[in-house]
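Working notes, structure below.
Positions are given from 1, in the same order as the sequence printed here.
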Amino acid sequence: MRQPLIDANVQPHFRYNAEIRRYLPAAHQLRSIPDVEQQWYQAPGGDYRADLYGDGYPGSDPDLVSRHLFEDNGADFAILNPLTRGNIADYLLNSRICAAVNDWLLDRWLEPDTSNRFRGTIRVNPEDPKGAVAEIERLAGNPKLVQVGVPMQSREPFGKPMFEPIWEAAAAHGLPVAVHINGGNGVDHPPTFAGHAHTYPGYASFMPLNYFVHLATLIVEGVFGRYPGLTFVFADGGYDILTPLMWRLDTFWLSMRDQTPWVDCYPSEYLPGHVRFCSSAFDGPVDSSQAQAWMDFSDKSDLVMYGSSYPHWSTTSAAVTTAGLNAEQQRKVLWGNASELYGLTVTEGSVL
């Protein structure tokens, strides 16, 4: 019988640079907006899978993406998390770009989807908390929009008070917050808290470490304690470093807990109710015989969801992602965790 599959990390793209302007207010349509592929760090060979470059931009044709994800890869549902690239200092323009991306996603991808297998993300600009809350309130009632999306890059860790209205609004509507590396949505901050890497391998290796800074402050500042229904999805992987970092956080919290009396349990105990990761073939042991034991550390099989990263150059299949896992671990990673988080009902052999 067929194993169900939910792809929790897919990035759809515009067909061409000017397409976004159709969705911007008239006052912003003449503003300078960087190209869709303007990146400070270019992957060797290009950002996207080589075989996807053709008549259109990779990930820009809903029919082709549907075929690749649902027919070729066997997914039942796909969570679309469009990125909003652009190195722009104007936070109000960034907020308008986020709104335009959301309208485009609805108009081109979600509303025409008669198969009802795509779900989407409400992109918001965390440097504009008031605008981000307004955008959540504008779109949260749409059943095809199942999470809020923010960039990994940030001036401040996401546990800081200035961001809390955004997380409060997301939690009030039962929407997870997806964090993904994003070359835009504001000035492109350094990929590490110690500054810029010089090469793509440095960028790709160190950028996911930023998630732990966000995660640690969300716990230590008491955000998860105040919003029991708030879940963060770290969509770029990096969960291979979760266990040693949480051990370290637990240790320091235990020895200095008088400074954070609102954190009423070990920091690691917040993980099951508040944290998910999208999988990556680059996370974890190379030897698949170690995969089961490694996933048991910090109960990672309860936290991880399969995400192909389509159409990125590192797009991975479900088989590669779950190599070496036992049947129960595979069930959780391939569809169980995502089904629970996003309210998507699948059964073996069918989509409901």
Side-chain angles (χ1 to χ4, degrees), residues 11 28 31-34 38-41 81-102 121-136 147-171 175-198 200 202-224 226-227 230-238 241 245 249 260 267 274-275 277:
Q11 279 81 55
H28 296 86
R31 294 290 299 274
S32 177
I33 300 172
Q38 181 166 323
Q39 275 269 59
W40 287 15
Y41 297 94
N81 185 11
L83 307 185
T84 57
R85 289 181 172 176
N87 197 23
I88 306 168
D90 184 342
Y91 76 94
L92 293 176
L93 177 58
N94 287 330
S95 295
R96 299 291 78 77
I97 289 175
C98 286
V101 168
N102 296 333
T121 302
I122 302 172
R123 296 295 314 192
V124 301
N125 176 14
E127 293 197 356
D128 178 16
K130 184 177 179 180
V133 170
E135 188 67 1
I136 293 171
Q147 65 184 8
V148 172
V150 297
M152 178 87 78
Q153 300 96 312
S154 176
R155 298 180 194 272
E156 299 281 352
F158 284 152
K160 292 293 187 72
M162 70 278 286
F163 301 116
E164 192 159 334
I166 307 173
W167 319 145
E168 181 179 16
L175 296 171
V177 177
V179 184
H180 194 287
I181 293 173
N182 193 50
N185 218 91
V187 172
D188 198 359
H189 304 294
T192 78
F193 278 82
H196 287 279
H198 291 162
Y200 183 84
Y203 169 83
S205 298
F206 294 124
M207 175 63 99
L209 289 168
N210 287 274
Y211 88 76
F212 186 76
V213 179
H214 294 312
L215 172 59
T217 59
L218 287 163
I219 295 172
V220 172
E221 298 283 346
V223 177
F224 287 155
R226 287 189 290 277
Y227 303 103
L230 179 62
T231 303
F232 267 69
V233 177
F234 295 102
D236 281 296
I241 61 174
L245 291 174
L249 187 58
T260 56
H274 296 279
V275 179
F277 292 87

Treating N182 as the side-chain partner and T84 as the backbone partner, does any N or O pair qualify as donor plus acceptor under 3.5 Å?
yes
Would you check if H180 and Q11 make a side-chain contact, meaning some heavy-atom pair closer than 4.5 Å?
yes
E156: partners by salt bridge (charged side-chain N to carboxylate O under 4.0 Å, His left out), with sequence neighbours left out:
K160
Is the OH atom of Y200 crowded by more than 12 outside heavy atoms at less than 6.0 Å?
yes
Indicate yes or no: at least one non-hydrogen side-chain atom of N210 is less than 4.5 angstrom from one of Q153.
no
Spell out, as yes or no, whether a donor-acceptor pair under 3.5 Å connects the side chain of H214 to the backbone of M152.
yes
Please find the pair of heavy atoms, one from N81 and one from A178, that lie closest to each other, and give the distance.
ND2-CB, 4.2 Å
For Y91 and E127, which heavy atoms make the closest approach, and how far apart are they?
CD1-O, 4.1 Å
Give me the atom names and distance for the closest heavy-atom approach of P151 to V124.
CD-O, 4.4 Å
Less than 4.5 Å apart, any side-chain heavy atom of L218 and any of F163?
no
One should read off an interatomic distance between I136 CD1 and E168 CD, to the nearest 0.5 angstrom, of 10.5 Å
Ring-plane angle category for Y211 and F234, please: parallel below 30°, perpendicular beyond 60°, tilted otherwise.
tilted
Counting only N and O atoms by type, is there a donor-acceptor contact under 3.5 Å from the side chain of N102 to the main-chain atoms of I122?
no
Please report the interatomic distance OG(S32) to CG(D90), rounded to the nearest 0.5 Å.
11.5 Å
Considering all heavy atoms, the nearest V133-P165 contact:
CG2-O, 3.4 Å
Okay, side chain of N125, backbone of N94: is any donor-acceptor separation there less than 3.5 Å?
no
When you compare the side chain of L83 with that of R123, does any pair of heavy atoms fall below 4.5 Å?
yes
Spacing of I166 atom CD1 and D128 atom CG [to the nearest 0.5 Å]
8.0 Å
Roughly how far apart are F212 CZ and T217 OG1, rounded to 0.5 Å?
10.0 Å
From CD1 (I97) to NE2 (H28), nearest 0.5 Å:
9.0 Å
If the test is side chain to side chain contact (heavy atoms under 4.5 Å, CB included), which one of V179, V223, V177 qualifies with F158?
V179
Looking at every non-hydrogen atom in both residues, tell me the closest pair between P176 and V233 and how far apart they are.
CB-CG2, 4.1 Å
Side-chain donor/acceptor of R226 to backbone N/O of E221, under 3.5 Å:
yes
Looking at every heavy atom in both P267 and I219, which two are closest together, and how far apart are they?
O-CD1, 3.7 Å
Within the structure provided, determine whether S95 and E135 are in side-chain contact (heavy-atom separation under 4.5 Å).
no
